[in-house]
There are 2 protein chains.
Amino acid sequence: MAAKHSDTRGKRSQRQYVPVQSAQPPHADPPLSLERIVTTAVELLDAEGVDGLKMRRLADRLGAGAMSLYWHVGSKEEVFDLALDLVIEYSGRPQVFEPEDWRDEAVHLLQDWRASMLRHPWSASLLSRRALGPNILNRLELLGKILSRAGVADADLNVAIWSLWNYVMGATITRASFDLSEDDRTAAQQRITRLSEHYPTIERSRLLLDSDWDGAFRKGLDFLLDGLAPGQKSCSR
Amino acid sequence: MAAKHSDTRGKRSQRQYVPVQSAQPPHADPPLSLERIVTTAVELLDAEGVDGLKMRRLADRLGAGAMSLYWHVGSKEEVFDLALDLVIEYSGRPQVFEPEDWRDEAVHLLQDWRASMLRHPWSASLLSRRALGPNILNRLELLGKILSRAGVADADLNVAIWSLWNYVMGATITRASFDLSEDDRTAAQQRITRLSEHYPTIERSRLLLDSDWDGAFRKGLDFLLDGLAPGQKSCSR
DNA sequence: ACCTGAACACCGTTCAAGT
DNA sequence: ACCTGAACACCGTTCAAGT
């Protein structure tokens with residue numbers, strides 16, 4: 001296979017990569033570490049999808065013996081959890097906001113959340129494994145802060161946070177799964193057309209073809225924010 | 001293992017079940033059929049979760065040889081797809097609505113959608129396999145009809161349908177994954193408390209403990225509907 | 001402390017037959 | 001047409017060692 005083999009951390013080392021096919025270069029690989037394992041797992045997942053991540057393959061990429069991973073990791077599940085959390089890291093935004101900027105901030109956080117996951121489409125399908133890694137918690141904390149500052153009462157905070165989380169996760173999963181296959185989508189829409197007596201409405205609306213995912217995401221998000229946060233720009237219509 | 005072995009279809013047959021351990025009762029099981037396979041798959045999934053569905057086990061439950069399934073089914077993936085669609089079947093509601101009932105109808109359809117999936121928690125984690133079975137399409141069609149009747153312009157229909165779908169799916173997945181484990185939730189919240197300097201907001205709001213999932217779902221749904229559909233009850237605040 | 005290969009248990013699926 | 005067992009390829013993980 002030997003797919004990307006991208007070099008993990010900048011550098012793009014000039015040295016070596018003389019095509020010595022025979023054995024692995026005996027000195028090259030840095031020592032195994034949790035960080036290297038997770039980074040490489042993300043690469044492998046990006047390249048081959050959820051089903052492509054196998055412990056042996058991962059070890060191969062790391063230039064390590066097949067079973068070496070288990071000293072660092074415990075189980076494959078754990079690799080999944082760590083990879084998911086890694087992908088969700090958030091650097092925040094430059095902290096130059098006025099108090100009324102809360103809405104922009106919220107939108108930015110949530111759009112970035114979705115975008116980060118869409119860059120790694122496998123991440124959406126791992127969500128159901130509930131794993132609250134530090135990066136996910138960090139995003140939730142930030143979201144809570146923003147909403148709180150926006151005037152959402154403590155009693156309403158959980159509802160607001162979960163509503164937004166739910167919406168973002170749903171949008172991400174849907175987008176990730178329906179976008180994998182342009183062809184499949186066309187095929188599905190054709191199937192619907194063939195059965196248009198049963199599904200006249202979604203046939204007419206070309207539901208599977210004419211979906212502006214990003215636009216739809218943004219619009220629904222605005223409606224939620226209108227409802228969840230008091231005053232300001234509510235009832236925009 | 002021999003877990004439940006519930007008897008598939010009502011009846012709870014009085015006859016037989018003399019403990020003949022030796023061989024399978026030679027006459028008992030009805031012939032294999034796609035319907036029986038899928039129904040039994042759902043039972044097995046309910047009992048053992050996604051990872052519990054193995055082809056051999058499924059065949060066992062059906063009193064069939066391990067490989068007999070493959071004449072009817074093609075692959076395990078297909079079993080998943082069919083099981084997911086089965087669970088989403090919708091009988092609609094008694095058709096006694098006035099034109100202005102659209103909102104109740106929409107809420108009912110969507111709440112029932114979520115409830116149906118929560119009755120089979122594994123279904124949420126299968127969603128990312130994009131499979132538009134007839135029952136899912138049927139729900140989408142109905143939703144489209146309701147919204148259309150409510151006055152949503154054709155041009156806005158896809159946005160409305162997808163926003164609602166996204167929200168419902170996200171809520172379902174979240175609920176399904178976070179509800180599996182009361183204990184885990186408490187443990188997670190404790191972990192957060194331990195790190196309360198990092199996560200003061202979600203610690204204060206007891207995000208993982210005090211979530212009224214059903215209430216939050218309903219509230220967010222209302223906000224979306226307020227925004228998506230013109231007039232009527234908009235700006236309820 | 002860190003890594004390893006051999007071996008085990010298990011699982012989806014192919015295949016060549018059976019009726 | 002429908003079902004079957006043997007067999008294959010593969011994969012996560014245990015274990016007893018190696019350094």
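Keep in mind the model is a prediction, meaning the values are calculated, not measured. Per chain, numbering begins at 1; letters A, B, ... match sequence-line order.
If you find the closest nucleotide of DNA chain C to A:R56 and to A:S68, the one lying nearer the 5' end belongs to A:S68. In terms of position along DNA chain C, the nucleotide closest to A:G65 lies nearer the 5' end than the nucleotide closest to the other residue of the pair A:G65 and B:E77.
A donor-acceptor contact shorter than 3.5 Å is absent between the side chain of B:T193 and the backbone of B:S196. For A:S68 (side chain) and A:A64 (main-chain N/O), no donor-acceptor pair under 3.5 Å exists by modelled atom type.
For the C1' atoms, the distance linking C:dC2 with D:dA17 amounts to 13 Å, nearest Å.
No side-chain donor-acceptor contact under 3.5 Å links A:N158 and B:D210.
Nearest to the side chain of B:S75, among D:dT4, C:dC3, C:dT13, sits C:dT13. Picking from C:dC2, C:dT4, C:dG12 the nucleotide with the shortest atom distance to the side chain of B:K54 gives C:dG12.
Contact annotation: A:H72 side-chain N/O to C:dC3 OP1/OP2 distance is under 4.0 Å.
By the 6.0 Å and 45° rule, A:R175 does not stack over the aromatic ring of A:F217.
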Seminar exercise, completed: With B for base contact, S for sugar-phosphate-only contact and - for none (protein heavy atoms under 4.0 Å), nucleotides 14-19 of chain C reads B-----

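In summary, the aromatic rings of B:W162 and B:Y167 are positioned with their centroids too far apart to meet the 6.0 Å limit.
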